[in-house]
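These numbers were taken from a predicted model, which means no experiment stands behind them. Sequence positions, counted from 1, serve as the residue numbers for this chain.
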Amino acid sequence: MEAASQTLESLPSTPARFSPTLSESQQQQQDGEWRDIIPNLLTKSDFEALSDRLGRVVREEVAQLRADMANVEAHMAVAETETRALRTDLEQTNTAVMNQEADIAYLTTWVDDLDNRGRRLNLRVRGVREGGPSENVPELLRQIFTHVLGGQQVPRSGLVRAHRALRPLPAPEEQPRDIICCLDNYHLKEEILRTARRMGAVRMEGQTISVYQDLSRYTLQARRALRPVTSALQQAGIQYRWGYPFSLSARHGQDQLIVRKPGDVPGFLRSLGLPPQQVPDWLARSFLQQAPGPQFPRRPNAGPQQRQRDWDQGPARREQ
C-alpha cells in the first residue's frame, strides 16, 4: 500500500498537453500561405456578379423556352385548324360516298327491273337430259309443255327461241344445263308456269323436270341472300311472295311488310315476331361481282363474231 501511494504521488497533478507546437519558421511559412490565399477568395462583389450572370442566363433560357412554346402553340393551332378542315372534308366525303352508294343501289335495282321485264316471256327448264350437239331443244320443250298442259299442243310459232344456258362453273359435267326459252304469248307462259308449280315436279320419261320463271342474275343472288329469312318464314307458317322491282313481302294482320333493301330485314323480322337473321348485303359491289370464268360459249375454231352470234340469240336471254 505504501509503495502504491508513493507511485501515485509521483505523477503530475494536471494532465500533460500533447498538442503539437510549430517552430517559428513553420509558423511564418503558414502565415505566408494564408496571405497568398486570402486575396484569391471570392468577395461579396464577386458573388453579386456571379448571381447577376446566372440570373441573366436563366432569363435568356426562359425567354427562349417561352418563344419555343409560343411557336409550338402556333403550330398546334394550325394543326387543329387543318384537322377540323380535314374532319369536315371527311364528313362531306362520307356523305357523298353514302349518297353515291344509295344511287348505285337504286340504279342496280332499276337495271335489274329492266332486265327482269325483258325476261317476262322467258321460262327456265331444269333437269332435261342433254342429247348432244344434234338435240332439237325447241322440240323437247314443246313435248314438255304439252305434257304440262295435259295434252294441249303448243304451236311451233309460240316458241320464239330456246337454247341451253351456260354451265355454272362449280357444276359437274354430268349435270344437265338449264334450257332458257322465250314464248310469244305471256298468258301461255303464265299458264305453263302455274300448272308446273301446281304439279311440283314434272316427271316425264324417267326425268324430274322443273319449270321456273327466268330471272336476272342479281335477282337470283338477292333471293339466295334472303334464304335465311324465307326459311324462317316457312318454319313459322307465314306466306310470302316475291315482287318486282325486287322485293319480299309478307302479311302481318292487316299490314303488308316489305323488304326492298338489306336495311329493311331487321324491322321486317321484328314485326313478324321472328328471331334476327344474318343476311349479307346483296346491294354491295363485292356481293354482285361476276363469277370468274368465260362469259361466252366457246367452240373449236370459232372466232369472236361467231361466239357473239352464239351468245345473242334473240329475246331468250342467257344467264351468265
Side-chain angles (χ1 to χ4, degrees), residues 75-122 124 166 168-169 212-233 238-296 311-312 315 317-320:
H75 283 291
M76 288 182 63
V78 173
E80 290 177 354
T81 302
E82 293 178 351
T83 301
R84 285 193 294 269
L86 289 174
R87 185 181 294 111
T88 302
D89 293 342
L90 182 60
E91 292 175 353
Q92 294 176 352
T93 302
N94 289 337
T95 302
V97 170
M98 293 176 62
N99 292 335
Q100 290 176 357
E101 290 180 348
D103 293 340
I104 291 173
Y106 170 76
L107 291 175
T108 301
T109 306
W110 184 67
V111 171
D112 174 68
D113 183 50
L114 292 178
D115 192 359
N116 283 321
R117 287 176 182 272
R119 298 170 185 259
R120 63 194 305 265
L121 293 176
N122 287 10
R124 178 180 289 266
L166 287 179
L169 293 180
Y212 305 99
Q213 171 68 47
D214 183 35
L215 299 172
S216 69
R217 178 182 178 85
Y218 166 80
T219 298
L220 294 175
Q221 288 182 329
R223 290 189 178 186
R224 192 176 300 115
L226 283 171
R227 189 170 295 165
V229 176
T230 55
S231 298
L233 292 173
I238 301 175
Q239 294 184 351
Y240 62 90
R241 62 176 299 177
W242 301 105
Y244 303 96
F246 177 78
S247 65
L248 173 66
S249 61
R251 282 200 171 275
H252 179 64
Q254 298 298 324
D255 300 328
Q256 185 176 17
L257 307 175
I258 302 178
V259 173
R260 291 190 176 92
K261 56 184 182 298
D264 298 336
V265 173
F268 178 83
L269 295 173
R270 189 168 51 250
S271 299
L272 293 172
L274 298 176
Q277 302 290 335
Q278 293 293 332
V279 175
D281 184 1
W282 62 84
L283 292 176
R285 289 187 294 273
S286 58
F287 186 82
L288 295 174
Q289 287 179 353
Q290 296 290 332
Q295 299 298 310
F296 299 95
W311 174 262
D312 186 9
R317 301 190 179 186
R318 290 183 181 271
E319 182 65 28
Q320 300 180 5

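Using a 4.5 Å heavy-atom cutoff, the side chains of Val229 and Val259 are not in contact. The closest side-chain heavy-atom distance from Trp242 to Thr230 is below 4.5 Å. Looking at Arg84 and Thr81, their side chains come closer than 4.5 Å, going by heavy atoms from C-beta outward. Trp282 is not listed as a side-chain neighbour of Arg224, based on a closest heavy-atom distance of 4.5 Å or more. A 4.5 Å side-chain heavy-atom check between Asp115 and Tyr218 finds every atom pair outside the cut-off.
Between atom CZ of residue Arg217 and atom OG1 of residue Thr219 there is a gap of 12.0 Å, rounded to the nearest 0.5 Å. Rounding to the nearest 0.5 Å gives a distance of 7.0 Å between CG of Leu269 and CG of Leu233. Distance check: Leu90 CG to Thr83 OG1 gives 11.5 Å after rounding to the nearest 0.5 Å. Note that CG of Leu86 is 11.5 Å distant from CD of Glu91, once rounded to the nearest 0.5 Å. Once rounded to the nearest 0.5 Å, the distance linking CG of Asn94 with CD of Glu101 reads 9.5 Å. Separating the CD atom in Gln277 from the CZ atom in Arg227 is a distance of 13.5 Å, to the nearest 0.5 Å.
Within 6.0 Å of atom CD in Gln256, more than 12 heavy atoms from other residues, nucleotides or ligands are found, so the atom counts as buried in its surroundings. Open room surrounds OH on Tyr106; 12 or fewer heavy atoms of other groups in view lie less than 6.0 Å from it. The number of heavy-atom neighbours closer than 6.0 Å to CZ of Arg260, taken from other residues, nucleotides and ligands shown, is 12 or below.
The backbone N or O of Arg119 sits less than 3.5 Å from a side-chain atom of Gln213, completing a donor-acceptor pair. With Asn116 contributing its side chain and Ser216 its backbone, the two residues share a donor-acceptor pair below 3.5 Å. A donor-acceptor pair under 3.5 Å is absent between the side-chain atoms of Asp113 and the main chain of Thr109, judged by distance alone.
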Taking it one step at a time, do Leu215 and Tyr244 satisfy side chain to side chain contact (heavy atoms under 4.5 Å, CB included)? CA-CA 11 Å; Leu215 299 172; Tyr244 303 96; 3.1 Å; yes

Under the criterion side chain to side chain contact (heavy atoms under 4.5 Å, CB included), I'd like the reasoning laid out for Asn99 against Thr95: C-alpha separation, chi angles, the key distance, then a yes or no. CA-CA 6 Å; Asn99 292 335; Thr95 302; 3.7 Å; yes

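Smallest separation of non-hydrogen atoms from Leu248 and Phe268: O-CE1, 4.2 Å. For the pair Pro262 and Asp281, the tightest heavy-atom approach, listed with the atom from each and the gap, is CG-OD1, 2.9 Å. What you find for Ala250 and Ile238 is that their closest heavy atoms are CB-CG2, 4.1 Å. Residues Val279 and Ala225 share a closest heavy-atom pair of CG1-O, 3.5 Å. In terms of heavy-atom proximity, Ile258 sits nearest to Asp264 at O-CB, 4.1 Å. The minimum heavy-atom distance linking Ala105 with Leu283 is given by the pair CB-CD1, 3.6 Å.
In this model, no donor atom of one side chain and acceptor atom of the other lie less than 3.5 Å apart for Ser271 and Asp255.
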